[in-house]
Amino acid sequence: MMTHFRRTALLLGLVAALSVSALSVSAVAGQRSYAATHGAAPFETEHLIPGSDLDLEQVDLTLPGTNVVALTIDDGPDANDPRILDILRAHGAKATFFYIGAKIPAHQEIARLVAASGNEVGSHTQTHPMTTDLKPARSEWNLAQAEAALASVGVTAAWFRPPYGDVDDALAALARRHGMATVLWTADSQDWKDTGPDIVRRRVVERLAPGAVVLMHSTKASSVAALPAILEEGERRGYRFVTMTEWEAAMRDAVTPSLALLHPAPHRR
């Protein structure tokens with residue numbers, strides 16, 4: 001007959017084994033990007049533009065050409081987009097709008113307006129899922145469907161913004177196969193917390209820096225209201241607000257031989 005001590009020991013052993021197993025599964029399934037787990041990415045290729053051949057450690061951020069900020073606006077197309085275009089135009093600023101494919105049929109006129117405005121439109125997937133949780137075939141479907149939706153309004157996306165900042169090497173590689181570079185952000189407005197425009201403005205302007213990538217959402221009234229003050233403060237500090245493609249060009253132009261010697265690019269096959 002099993003003693004009370006032995007039963008207790010066996011139960012404790014079973015609990016420990018289950019706990020270790022659960023932790024192991026969680027560690028594998030719960031791998032997220034730095035931006036997803038920390039709220040923003042550092043100015044490093046691995047975390048900000050994963051999979052890119054542009055080594056951000058070789059960018060000399062003291063050069064005047066790097067005084068640019070990439071303004072990125074997620075979750076459209078949205079009824080707020082024309083107002084955002086007016087604000088950008090008034091300040092001589094540009095942005096990259098990351099669109100959800102499933103929203104485009106209901107907002108085709110707005111999507112076409114933005115696409116023709118001199119700003120940039122990128123992909124934010126078809127259904128805005130936690131993409132690394134999907135099976136490969138479903139991830140492929142999400143990017144392919146968004147690609148088709150964007151094509152219906154005349155857009156061929158060069159940039160991909162993973163929903164929730166949730167990206168791994170496989171997803172970044174999939175985006176590249178669809179002709180898109182992946183980008184996260186260095187400054188998060190956190191407008192999804194439904195805070196007022198003053199708080200949104202403060203969160204953004206305190207993280208403005210050469211080469212910053214700002215995340216906002218066109219679906220949030222607080223971000224639309226805060227945008228003029230953000231642009232004014234950026235202008236006061238000498239920053240230009242640009243599209244992602246313009247941002248990348250500015251960063252590549254600022255790669256310097258001396259920094260390249262200090263930080264040689266990793267060998268790529």
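In this text the structure is predicted, and so the values were computed from the model without any measurement.
- Ring orientation note: the planes of Tyr34 and His47 are tilted relative to one another, at an angle of 30° to 60°.
- Judged by distance alone, the side chains of Tyr99 and Asp78 never bring a donor and an acceptor atom under 3.5 Å apart.
- Counting only N and O atoms by type, the side chains of Thr243 and Glu246 include a donor and acceptor under 3.5 Å apart.
- Counting all heavy atoms, side chain and backbone alike, Glu235 lies closest to Phe241 at N-CE1, 4.3 Å.
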> So Arg237 and Val205, side-chain contact (heavy atoms from CB on, under 4.5 Å) or not? Walk me through it.
Replying inline: CA-CA 10 Å; Arg237 298 187 192 181; Val205 299; 4.0 Å; yes
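- Side-chain atoms of Arg207 come within 3.5 Å of backbone N or O of Thr186 as a donor-acceptor pair.
- Across Arg201 and Ala229, no two heavy atoms sit closer than the pair CD-CB, 3.5 Å.
- Residues Val255 and Leu56 share a hydrophobic cluster, clusters being chains of Ile/Leu/Val/Met/Phe/Trp/Tyr side chains in contact below 4.5 Å.
- Note that CD of Glu46 and CG of Asp55 are 11.0 Å apart. Values are rounded to the nearest 0.5 Å.
- Looking at heavy atoms from C-beta onward, Leu113 lies in side-chain contact with Pro82 at the 4.5 angstrom threshold.
- The structure places NE2 of His217 at 6.5 Å from OG of Ser189, a figure rounded to the nearest 0.5 Å.
- With rounding to the nearest 0.5 Å, the separation of CG in Leu231 from CG in Leu71 is 6.5 Å.
- With salt bridges taken as basic N to acidic carboxylate O contacts below 4.0 Å, none links Arg138 and Asp133.
- Open room surrounds CD on Glu109; 12 or fewer heavy atoms of other groups in view lie less than 6.0 Å from it.
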>> Run the side-chain contact (heavy atoms from CB on, under 4.5 Å) test on Leu63 and Thr256 for me, step by step, so that the C-alpha distance in whole Å, both residues' side-chain angles and the decisive distance to 0.1 Å come before the verdict.
In response: CA-CA 10 Å; Leu63 295 176; Thr256 63; 4.0 Å; yes
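- Ring-plane geometry between Phe43 and Trp247 is classed as perpendicular, the angle between the planes exceeding 60 degrees on a 0 to 90 degree scale with a lower cut at 30.
- We find the OG-CZ distance between Ser52 and Arg176 to be 9.0 Å, quoted to the nearest 0.5 Å.
- Side-chain contact between Pro162 and Thr125 is absent, with no heavy-atom pair separated by less than 4.5 Å.
- Close placement of the His128 and Tyr164 rings is indicated, their centers lying within 6.0 Å of each other.
- Although no hydrogens or angles enter the test, the distance criterion places a donor-acceptor pair under 3.5 Å between the side chain of Glu120 and the main chain of Thr245.
- Side-chain contact between Gln58 and Arg252: absent, with no pair of heavy atoms (C-beta onward) separated by less than 4.5 Å.
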>> If you apply the rule ring pair (Phe, Tyr, Trp, His ring centres under 6.0 Å), what do you find for His124 with Phe97, and how did you get there?
In response: CA-CA 9 Å; His124 203 32; Phe97 293 74; over 10 Å; no
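- Using a 3.5 Å distance cut-off with no hydrogens or angles, the side chains of Thr127 and Asn142 do pair a donor with an acceptor.
- In this structure, CD in Gln126 is found 12.0 Å from OG1 in Thr131, a value given to the nearest 0.5 Å.
- Side-chain atoms of Arg112 come within 3.5 Å of backbone atoms of Ser152 as a donor-acceptor pair (strictly under, hydrogens ignored).
- Hydrophobic clustering keeps Val121 apart from Leu143 (ILVMFWY residues linked when any side-chain heavy atoms are closer than 4.5 Å, directly or through intermediates).
- You'll find the side chain of Gln190 stays beyond 4.5 Å of the side chain of Thr195, heavy atoms only.
- In this structure, CG on Asp253 lies 12.5 Å from CG on Asp60, to the nearest 0.5 angstrom.
- Heavy atoms only, all atoms of each residue included: Leu48 and Pro42 are closest at CB-O, 3.7 Å.
- Between Asp198 and Arg202 there is no side-chain heavy-atom pair separated by less than 4.5 Å.
- Taking the side chain as every heavy atom from C-beta outward, Leu184 and Pro50 approach each other to under 4.5 Å.
- Side chain of Asn119 to backbone of Ala95: a donor-acceptor contact under 3.5 angstrom is found.
- No hydrogens or angles considered: a donor-acceptor pair under 3.5 Å links the side chains of Thr132 and Asp166.
- The main-chain N or O of Ser218 is found under 3.5 Å from a side-chain atom of Asn80 such that the two form a donor-acceptor pair.
- With hydrogens and angles disregarded, no donor-acceptor distance shorter than 3.5 Å links the side chain of Thr96 to the backbone of Thr72.
- Hydrophobic clustering (side-chain heavy atoms under 4.5 Å, transitive across Ile, Leu, Val, Met, Phe, Trp, Tyr) groups Ile73 together with Leu208.
- The same ILVMFWY cluster, assembled from side-chain heavy atoms under 4.5 Å apart, contains both Val153 and Leu85.
- Shown here for Val167 and Ala172, the closest heavy-atom pair between the two residues is CG2-N, 4.0 Å.
- Arg161 and Thr182 share no donor-acceptor pair across their side chains, judged by distance under 3.5 Å alone.
- Between Pro163 and Pro129, the shortest heavy-atom distance links the atoms CB-O, 3.3 Å.
- Side-chain atoms of Asp191 never come within 3.5 Å of backbone atoms of Ser222 as a donor-acceptor pair (strictly under, hydrogens ignored).
- Ile110 and Ile100 sit in two unconnected hydrophobic clusters of ILVMFWY residues. Membership requires side-chain heavy atoms under 4.5 Å apart, directly or through other members.
- The main-chain N or O of Asp75 is found under 3.5 Å from a side-chain atom of Lys103 such that the two form a donor-acceptor pair.
- Residues Arg236 and Glu232 are not paired through a salt bridge, judged by the lack of any N-O separation under 4.0 Å between the basic side chain and the carboxylate.
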> Does the pair Val69 and Arg240 meet the rule for a side-chain contact (heavy atoms from CB on, under 4.5 Å), with working shown?
Replying inline: CA-CA 6 Å; Val69 173; Arg240 291 187 301 113; over 6 Å; no
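- Checked by atom type and distance alone, the side chain of Thr66 pairs as donor or acceptor with a backbone atom of Leu61 at under 3.5 Å.
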> Run the side-chain contact (heavy atoms from CB on, under 4.5 Å) check on Ile84 and Met216 step by step: do they pass?
Replying inline: CA-CA 11 Å; Ile84 293 172; Met216 304 178 80; over 6 Å; no
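- Residues Gly39 and Trp185 approach most closely at O-NE1, 2.7 Å, considering heavy atoms.
- In terms of modelled atom types and a separation under 3.5 Å, the side chain of Ser223 and the main chain of Ala221 share no donor-acceptor contact.
- Residues Met244 and Val213 form a side-chain contact, since some pair of their non-hydrogen atoms from C-beta on lies under 4.5 Å apart.
- Inspection of the Trp159 and Ser123 side chains reveals no N or O donor paired with an N or O acceptor under 3.5 Å.
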